[in-house]
Structures are given as C-alpha cells and as structure tokens.
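Heads up, the thing below is written out as structure tokens.
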Amino acid sequence: MEIWNQAKNFSRKKETARLDGYAGATSRDRRLRKKQAYARAGERLQNETEQQPDAWVHNATEEEITFSDTRILVRRVINTLPVAQQQAINLAFFRGMSQREIAANTNTPLGTVKTRLELGLKKIYDGLKELRDEL
C-alpha cells in the first residue's frame with residue numbers, strides 16, 4: 001500500500017530506476033524505521049520503570065501486595081511461638097507434612113504434634129487478631 005500511495009515519488013531518472021529496486025528500498029526503509037521505533041520505545045519504557053515505585057514496576061496488584069503484607073504478619077506471629085510449635089507449624093503448613101509425618105520426622109509422639117499444632121494455630125489466630133486491631 002505504501003508503494004502505491006507513494007507512487008508519485010518514483011522516478012525513472014533516479015538511481016533506483018527499476019520498480020523492484022524502489023520497492024525493495026521502500027520496504028527496507030520501513031523495516032529500519034520500525035526497528036528503530038521499537039528500540040526507542042524500549043528505552044523509554046526502561047527509563048519510565050526506573051522512576052516508578054517498586055510495586056508498579058513488578059505489576060503487583062493490590063491483592064498481591066496485601067498477600068505479601070499478610071505473609072509478613074503471619075511470619076512475625078509465628079516467630080513469637082515456642083520453638084517446638086514453630087517447627088510443627090513450619091513442617092505442616094510450609095512443607096506440607098501430615099501430622100504423622102511430622103511425628104516421624106521429629107521423633108515426637110503423634111499426640112504431642114497434634115497439641116503443638118493446635119496451640120500454635122490458636123496463638124497465631126490470637127496474634128493476628130491483635131495485629132489487625134493495631135492496623
């Protein structure tokens with residue numbers, strides 16, 4: 001279409017006196033301009049992202065930011081638990097172990113593991129409730 005629209009610019013007297021040469025040169029010029037435009041757009045994007053807040057650069061949604069904040073709060077509360085309860089919670093919820101697997105892995109009676117998980121979860125629930133009230 002560009003060659004058709006720019007037909008008035010074709011001249012047999014110029015260096016590109018053949019139509020196929022003119023078409024090739026026009027096509028090549030168009031590809032070069034397109035390539036340069038993409039490069040400039042990439043540079044602009046890079047410059048703009050360097051000046052944006054981190055959440056915008058990584059396309060973090062409000063839900064992801066909230067989830068990240070919640071994870072930090074949960075981790076803070078877990079760190080206040082006794083070591084045995086922390087271990088049981090970490091193995092169950094972050095490593096996906098069953099209560100029986102935790103008991104076997106830690107060489108602890110199954111009833112003790114269940115109690116540690118129950119007490120730990122209650123403390124996490126209460127701790128998060130307190131933190132929610134602070135916010």
Side-chain angles (χ1 to χ4, degrees):
M1 285 301 294
E2 183 176 352
I3 293 170
W4 180 263
N5 291 332
Q6 299 296 325
K8 64 181 179 283
N9 296 333
F10 175 71
S11 170
R12 290 204 176 266
K13 296 177 185 173
K14 292 184 179 178
E15 295 173 11
T16 57
R18 294 183 47 187
L19 184 58
D20 60 343
Y22 174 74
T26 303
S27 175
R28 184 190 70 243
D29 291 347
R30 184 179 188 88
R31 284 192 311 270
L32 287 174
R33 285 193 308 270
K34 189 175 189 178
K35 190 175 182 179
Q36 290 168 349
Y38 279 123
R40 286 191 307 271
E43 290 171 11
R44 282 194 311 270
L45 178 63
Q46 181 66 32
N47 291 337
E48 288 175 13
T49 56
E50 288 173 358
Q51 299 169 4
Q52 300 301 323
D54 202 34
W56 292 3
V57 172
H58 298 296
N59 294 326
T61 63
E62 183 178 352
E63 182 178 319
E64 291 170 328
I65 293 168
T66 302
F67 183 70
S68 177
D69 291 345
T70 303
R71 190 177 342 181
I72 291 167
L73 293 174
V74 170
R75 180 55 65 192
R76 188 183 311 164
V77 172
I78 289 173
N79 288 337
T80 66
L81 298 175
V83 175
Q85 290 175 7
Q86 281 184 34
Q87 181 185 33
I89 296 287
N90 284 327
L91 292 174
F93 295 100
F94 300 112
R95 295 216 180 141
M97 292 180 146
S98 69
Q99 293 174 341
R100 289 187 191 279
E101 290 171 328
I102 295 169
N105 189 294
T106 60
N107 200 23
T108 306
L110 181 60
T112 304
V113 169
K114 290 181 177 187
T115 301
R116 288 176 180 169
L117 286 171
E118 183 179 351
L119 291 173
L121 289 174
K122 175 145 180 36
K123 289 177 183 176
I124 291 171
Y125 176 79
D126 292 341
L128 290 176
K129 197 163 68 169
E130 289 175 19
L131 287 175
R132 185 186 64 193
D133 293 340
E134 289 178 14
L135 302 174

*Quick one: side-chain contact (heavy atoms from CB on, under 4.5 Å) partners of R100, sequence neighbours excluded?*
S98, L110

_Please enumerate all residues that pass side-chain hydrogen bond (donor to acceptor under 3.5 Å, both in side chains) together with T80, with sequence neighbours excluded._
none

*asked:* Using side-chain heavy atoms (C-beta onward) and a distance below 4.5 Å, is F94 in contact with I78?
replied: yes

*asked:* Please give me the minimum heavy-atom distance between G127 and V77, naming the atom from each residue.
replied: C-CG2, 3.9 Å

*Could I get the full list of side-chain hydrogen bond (donor to acceptor under 3.5 Å, both in side chains) partners for R95, not counting sequence neighbours?*
none

*CD/Q87 to OG1/T108 distance, rounded to the nearest 0.5 angstrom?*
6.5 Å

_With sequence neighbours excluded, residues passing side-chain hydrogen bond (donor to acceptor under 3.5 Å, both in side chains) with N105_ = none

_Partners meeting side-chain contact (heavy atoms from CB on, under 4.5 Å) with N107 (sequence neighbours left out)_ = none

Enumerate donor-acceptor pairs with a distance under 3.5 Å from any side-chain N or O in residues 111-122 to protein atoms, sequence neighbours excluded.
residue	atom	partner	partner atom	Å
T115	OG1	G111	O	2.9
K122	NZ	D126	OD2	3.1

*asked:* Looking at every heavy atom in both A103 and P109, which two are closest together, and how far apart are they?
replied: CB-C, 4.3 Å

*Measure across E101 and G96 and return the closest heavy-atom pair with its distance rounded to 0.1 Å.*
OE1-O, 4.1 Å

*Between CD1 of I89 and CG of L81, what distance do you get to the nearest 0.5 Å?*
6.5 Å

